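Just so it is clear, the model here is predicted, and its values are computed rather than measured.
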Amino acid sequence: MGYGLLAAAIAAEVTATTAMKYSEGFTRLWPSVVTGLGYVLAFALLAQTLKTLSIGTAYAIWAGVGTAAVALIGILWMGESAGAAKLIGVALIIAGVVVLNLGGAH
């Protein structure tokens with residue numbers, strides 16, 4: 001259950017961050033509303049996740065997967081550069097989350 005809530009929290013955060021780009025500095029109503037609601041939902045779901053998962057594990061996954069997902073959305077759908085440094089950075093974020101989870105069981 002905890003990982004399902006965490007996945008939903010990540011999806012809400014990624015949606016909110018993506019909508020923020022389209023809000024144009026919060027000058028467009030609907031993307032701004034989606035941003036606000038998405039972050040409220042993301043934090044509410046993350047809070048529920050912390051009832052069953054350790055804070056270090058949950059936050060590492062939430063922040064790492066969210067960051068990597070938003071970076072990939074920027075590359076794939078928003079025309080951002082996909083240079084080697086950026087792709088290596090995304091890979092390192094994912095590797096860091098994996099390593100934290102492997103060490104988190106103790």
Side-chain angles (χ1 to χ4, degrees):
M1 179 79 154
Y3 285 104
L5 289 171
L6 183 56
I10 292 166
E13 188 268 336
V14 168
T15 300
T17 302
T18 303
M20 189 185 310
K21 171 72 173 172
Y22 291 109
S23 76
E24 296 180 12
F26 296 114
T27 60
R28 296 183 61 218
L29 177 62
W30 293 113
S32 299
V33 169
V34 170
T35 299
L37 292 176
Y39 280 122
V40 168
L41 180 60
F43 281 109
L45 290 167
L46 182 60
Q48 294 303 308
T49 299
L50 296 178
K51 291 180 178 179
T52 58
L53 296 176
S54 71
I55 190 168
T57 299
Y59 191 73
I61 294 169
W62 185 69
V65 172
T67 300
V70 170
L72 292 173
I73 287 169
I75 292 167
L76 296 173
W77 288 291
M78 296 182 177
E80 295 181 5
S81 67
K86 186 178 279 189
L87 295 175
I88 290 169
V90 170
L92 287 171
I93 291 167
I94 294 167
V97 170
V98 170
V99 169
L100 281 170
N101 280 300
L102 291 175
H106 302 291

Return the [atom1] to [atom2] distance between [X] and [Y], rounded to the nearest 0.5 Å.
| X | Y | atom1 | atom2 | result |
| --- | --- | --- | --- | --- |
| T57 | Y3 | OG1 | OH | 6.0 Å |
| T35 | F26 | OG1 | CZ | 5.0 Å |
| L53 | I55 | CG | CD1 | 11.0 Å |
| Y59 | T49 | OH | OG1 | 13.5 Å |
| I61 | I10 | CD1 | CD1 | 7.0 Å |

Side chain to side chain donor-acceptor pair (under 3.5 Å) with Q48: which residues, sequence neighbours excluded? K51
Side-chain hydrophobic cluster, 4.5 Å single linkage: members besides L92: I88
Hydrophobic side-chain clustering at under 4.5 Å (ILVMFWY, transitive links): who's grouped with V33? Put none if nobody. L29, W30, L37
Please collect all side chain to side chain donor-acceptor pair (under 3.5 Å) contacts where either partner lies in residues 5-15, sequence neighbours excluded, each pair once. E13-T17
What pair of heavy atoms forms the shortest contact from [X] to [Y], and how long is it?
| X | Y | value |
| --- | --- | --- |
| L100 | A60 | CD1-CB, 3.4 Å |
| I94 | A68 | CG1-CB, 4.1 Å |
| Y22 | R28 | O-NH1, 2.9 Å |
| A12 | G38 | CB-O, 3.6 Å |
| G2 | T52 | CA-OG1, 3.3 Å |

Show every ring-ring contact (aromatic ring centres under 6.0 Å, His included) that has at least one partner inside residues 63-95, sequence neighbours left out. none
Are I75 and V65 connected in the hydrophobic side-chain network, where two residues link if heavy atoms are under 4.5 Å apart? no
Should L5 and L41 be counted in the same cluster of Ile, Leu, Val, Met, Phe, Trp and Tyr side chains packed under 4.5 Å apart? yes
Any salt bridge (Lys or Arg N to Asp or Glu O under 4.0 Å) involving residues 63-84? Give me the pairs, sequence neighbours left out, ordered by first then second residue. E80-K86
Run the side-chain contact (heavy atoms from CB on, under 4.5 Å) test on L6 and L45 for me, step by step, so that the C-alpha distance in whole Å, both residues' side-chain angles and the decisive distance to 0.1 Å come before the verdict. CA-CA 7 Å; L6 183 56; L45 290 167; over 6 Å; no
If you draw a 6.0 Å radius around CG in L76, do more than 12 non-hydrogen atoms from other residues or ligands fall strictly inside? yes
Taking T67 as the fixed residue, which of V97, V14, I93 is the one that meets the side-chain contact (heavy atoms from CB on, under 4.5 Å) rule? I93
Show the numbers, then the answer: is there a side-chain contact (heavy atoms from CB on, under 4.5 Å) between K21 and V70? CA-CA 11 Å; K21 171 72 173 172; V70 170; over 6 Å; no
